[in-house]
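Notes for the one structure printed next.
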Amino acid sequence: MTIAQRLSPLLGLLLLTACRWPEADRERNAAIETAASAHADTICLTSAQMDRESAQTLADVADLMAKEPGPKDDSTLAAIAGARLARTRGCVE
């Protein structure tokens, strides 16, 4: 078996995988957006039903996470986006 024959299935697999990346990214982004919205709802509910200080603390923690260097996992990205959304809703400063 030649090198070209060995590489052919591998190249096909790589092309198939590359075509799926945009779909996987869309699904991941949608999941992060959903989690961010839920986090914003939690912050706003906390602000309305418990106390604004606790809600502000939740948002401030997300700010601290955003300032940390390095890559962020999906749950961290959702918390950061959720805090930003809660601010746009006026639930926290």
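Because the structure is a prediction, the values reported are computed rather than measured. What's counted below: heavy atoms across the whole structure, side chains too, no hydrogens, waters or symmetry copies.
- A donor-acceptor pair is defined here as one N or O able to donate and one able to accept, closer than 3.5 Å; such a pair exists between the side chain of T46 and the backbone of T42.
- Side chains of T57 and D60: no donor on one and acceptor on the other come within 3.5 Å.
- Going from atom OG of S47 over to atom CD of E93 covers 9.5 Å, rounded to the nearest 0.5 Å.
- Taking SG of C91 as the start and CD of Q56 as the end, the distance is 10.5 Å to the nearest 0.5 Å.
- Note: C44 SG to Q49 CD = 11.5 Å, rounded to the nearest 0.5 Å.
- Between R28 and L77 there is a side-chain heavy-atom pair separated by less than 4.5 Å.
- Going from atom CD1 of I80 over to atom CD of E68 covers 10.0 Å, rounded to the nearest 0.5 Å.
- Judged by distance alone, the side chain of R84 and the main-chain N or O of A59 form no donor-acceptor pair under 3.5 Å.
- Taken to the nearest 0.5 Å, the CD1 atom of I32 stands 12.0 Å off from the CD atom of E27.
- Linking Ile, Leu, Val, Met, Phe, Trp and Tyr residues whenever their side-chain heavy atoms come within less than 4.5 Å places V92 and L58 in a single cluster.
- Distance alone, capped at 3.5 Å, is enough to place a donor-acceptor pair between the T34 side chain and the A30 backbone.
- Nearest heavy-atom pair, S37 versus R89, reported as atom, atom and distance to 0.1 Å: OG-NH2, 3.8 Å.
- Taking both residues in full, the closest heavy atoms of A40 and A86 are given as CB-N, 3.9 Å, listed atom of the first, atom of the second, then distance.
- Ion pair R87/D63 flagged as a salt bridge, since at least one NZ, NE, NH1 or NH2 atom sits closer than 4.0 Å to an Asp/Glu carboxylate oxygen.
- Without hydrogens or angle criteria, S54 side chain to M50 main chain gives no donor-acceptor distance under 3.5 Å.
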